[in-house]
Number of protein chains: 2
Amino acid sequence: MPETIRRPDRLPENRYGNRPTMKDVAARAGVGLKTVSRVVNGEPGVTPETERRVQEAIDALGFRRNDSARVLRKGRTASIGLVLEDLADPFYGPLSRAVEEVARAHGALLINGSSAEDPDREQELALALCARRVDGLVVIPAGDDHRYLEPELKAGVATVFVDRPAGQIDADCVLSDNRGGARDGVAHLIGHGHRRIGFIGDMPRIHTAAERLRGYRAAMEDAGIPVEDAWMSLGVTDPERVRRAAEEMLTGPSPVTAVFAANNRVTVTVIRVLAAHARPVALVGFDDFELADLLQPGVTVVAQDSAALGRTAAERLFRQLDGTLVAPERIELPTRLITRGSGELPPSG
Amino acid sequence: MPETIRRPDRLPENRYGNRPTMKDVAARAGVGLKTVSRVVNGEPGVTPETERRVQEAIDALGFRRNDSARVLRKGRTASIGLVLEDLADPFYGPLSRAVEEVARAHGALLINGSSAEDPDREQELALALCARRVDGLVVIPAGDDHRYLEPELKAGVATVFVDRPAGQIDADCVLSDNRGGARDGVAHLIGHGHRRIGFIGDMPRIHTAAERLRGYRAAMEDAGIPVEDAWMSLGVTDPERVRRAAEEMLTGPSPVTAVFAANNRVTVTVIRVLAAHARPVALVGFDDFELADLLQPGVTVVAQDSAALGRTAAERLFRQLDGTLVAPERIELPTRLITRGSGELPPSG
DNA sequence: CCCGGATCTGACAACGTTGTCCAGGCTCTA
DNA sequence: TAGAGCCTGGACAACGTTGTCAGATCCGGG
């Protein structure tokens, strides 16, 4: 197909398909442009009769206001961005739901996407949202350097980090008390007589993982129990390797009688290993999950309130936008130990 | 505070906080506006030296292109909307994740929200997304009348319905084979010797619920088993009432030896009832869920591939946008029976 | 009958970007 | 060294909306 040399700037008339504009509505209703705008936005100063004519034209043409133009003119988009780690992770469902509810209450829409735990993708996504001029950003960080957001912060984009703190910049963040929660969970096992307790968690470069490890160490130290290296498995995430790590600490020279699983993925895998294991082994997991109570035995967990994380973050974000908030703060929400059986098994073997 | 009588149209200089524009960048770099645009968009025709100067000014000012203005000019937003029923429902996690991946592959962002199963809210949300001029819409319907979308369809907004069909309009939809799946599940129970089989499902006004009921009836009819009313519970969703319904069919005059649970919420509740019940009762559930294999016995389910639903829908949407697709179609994806034990229990009592 | 005021309406500019098109400077060849 | 042609850069309009402001209309009262 030969390339057209001079295509007119104005496409025939099918931009956005061929949506009618206020101008079209005005022409059809026989009124001025601004009058249509007034009707659409419910501004006062329009006779009922005029309003009726305009409304009629709107319905007839199927007019819908173009919010891009509106945003351009007004400067506020009434939308906030949410950068998740993984949309499909059940832990984030209630969180994003909570963010959405708060946004809705403030008349804002939610735009979101997942970083898939990739720092570059997190940055790409966050900046794309800023280019859309979202009013604010809720970020669950994948990376640990967020200086790329500095111009945005300076430009007034409200920003709150959730679940993990921001890196290299001073910003609001809302976290769970990871260290305290892990400490409670491990102390619970110690309270039931365990001394050889295993820990399986993610890489310590991830803030939550590091904090939970600290909690484990603190609880052990409080009880005066020296920790053996063979009891700890760090940075192992895929099910197969978690399985192997669990089996090693169960059968090693100094076998553990209890396991602390530092996140829900690990917990589920460990449950599978323990189910196939002859000797009963106690288990406490970080993060609650559905049906934990129906397993045999029920799984004792340190639960974080992911909905509260989302709600708190979103509320802070809108308070930043109101201007009622100035100094960045770090908020830690408490966790809750839920006993269901697996954490109360006595030591054996 | 007294209202300012005449506020100048031009706010001092803090719209969007006070973001620099291309004009500012151009001034600082000592070049024309369009040259900046060229650099930002990687268009050819700029000397390396000029490009460097411009890039420097961009970095120094922290400039970020305003996509609202861009959208206004170009007519495409490179974003699609997703109207979910509930962000927090684990069934929709993989689905929205799949939609996101496809969108990402096409360079589009995803804007989403939940209808909370409320038709009015679904409409409000869908139209808000259209006002943003999303290029397309993936909708999991809450209501059954979608004529409100007609002007949008006419205007060229690509639209695909998922999980449930569109009501009163002719549009693409991607569904699971609900009837066939339910039929397979119930036939499986019959194959293991059951004749008195209970059905617990949602209100038949919901398409999926109605289809699954049809599947149940069809399987029973195929086997020549007359269905008793007492075996069916319809429109019951909250856990307490599901619990009661289940108990009634287990203890009634003609007690069932097996239960078909028509969605994952119901399944989980029924599991709880059966766990507390003396006589073993077989169970097949519609929808798979995590840990179903770890329960005692493992739960046999009719699984739908929610990721495939999302992927298929999103791909169709982008094919609509390409123009490679014209006539709306109704696509049904197969379900898969996963046997884990609970569905293979023999009749007892 | 005219005027003041209140009410309603519309012309116009501006938001920040991109497409078009032309001007000027440069290189290369004859 | 002049001329042709290419390359780079910039002026300008337009996208659809809303804020400002002035003009038009209508009413009642003096």
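Chain letters run A, B, ... following the sequence lines, proteins first and then strands; every chain starts at 1. A quick note: this is a predicted structure, and the numbers were derived from the prediction, not measured.
Under the 3.5 Å distance criterion, the side-chain polar atoms of B:Asn112 are left unmatched by any main-chain donor or acceptor of B:Ser114. For A:Glu85 (side chain) and A:Pro141 (main-chain N/O), no donor-acceptor pair under 3.5 Å exists by modelled atom type. With hydrogens and angles disregarded, no donor-acceptor distance shorter than 3.5 Å links the side chain of A:Thr35 to the backbone of A:Val31.
Considering A:Val83, A:Ile140, A:Val174, A:Ile169 in turn, A:Ile169 is the only one that fulfils the side-chain contact (heavy atoms from CB on, under 4.5 Å) rule with A:Phe161.
One can place CE of A:Met22 at 19 Å from P of C:dA13, the figure rounded to the nearest angstrom. Nucleotide C:dT17 holds its P atom 11 Å from the NZ atom of B:Lys23, rounded to whole Å. B:Lys34 has its NZ atom 8 Å from the C1' atom of C:dT20, to the nearest Å. A:Asp24 places its CG atom 11 Å from the P atom of D:dC15, with the value rounded to the nearest Å. D:dC21 atom P lies 18 Å from atom CG of A:Leu33, rounded to whole Å. Between the P atom of D:dT18 and the CG atom of A:Asn66 lies a distance of 10 Å, rounded to the nearest Å. Atom CZ in B:Arg70 sits roughly 9 Å away from atom C1' in C:dT17 (whole-Å rounding). Rounding to whole angstrom units, CG of residue B:Leu72 and C1' of D:dA14 are separated by 9 Å.
Near DNA chain C, defined here as any heavy-atom distance below 4.0 Å, the residues from residues 35-43 of chain B are B:Ser37, B:Asn41, B:Glu43, listed numerically.
One side chain, A:Arg65 or A:Asn41, offers a donor N or O that lies under 3.5 Å from an acceptor on the other. Using modelled atom types and a 3.5 Å distance limit, the side chains of A:Tyr148 and A:Gln168 yield no donor-acceptor pair.
Around the CG atom of B:Asp144, the shell of radius 6.0 Å holds no more than 12 heavy atoms that belong to other residues, nucleotides or ligands. Around the CG atom of A:Asp59, the shell of radius 6.0 Å holds more than 12 heavy atoms that belong to other residues, nucleotides or ligands.
Listed pair B:Lys74 / C:dG19 meets the phosphate criterion, a side-chain N or O lying under 4.0 Å from OP1 or OP2. Residue B:Arg73 has no polar side-chain atom (N or O) positioned under 4.0 Å from OP1 or OP2 of C:dC15.
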Could you please spell out the steps behind the side-chain contact (heavy atoms from CB on, under 4.5 Å) verdict for B:Arg76 and B:Arg70?
-> CA-CA 9 Å; B:Arg76 278 279 166 110; B:Arg70 173 167 225 250; over 6 Å; no
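Ring geometry, B:His106 versus B:Phe318: the interplanar angle falls under 30°, so the pair is classed parallel (tilted spans 30 to 60°).
The rotation axes computed at either terminus of the helix from C:dC1-D:dG30 to C:dA30-D:dT1 lie 50° apart, taking five pairs at each end and rounding to 10 degrees.
Atom CG of A:Leu137 and atom NE2 of A:His146 lie 10.0 Å apart (nearest 0.5 Å).
Taking only side-chain atoms of A:Arg65, from C-beta outward, the nucleotide of C:dT18, D:dT18, C:dG16 with the closest atom is D:dT18.
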For nucleotides 5-8 of chain C, list the nitrogen or oxygen atoms of the protein found under 3.5 Å from its nitrogen or oxygen atoms, one pair per line.
residue: C:dC8; atom: O3'; partner: A:Thr47; partner atom: OG1; Å: 3.0

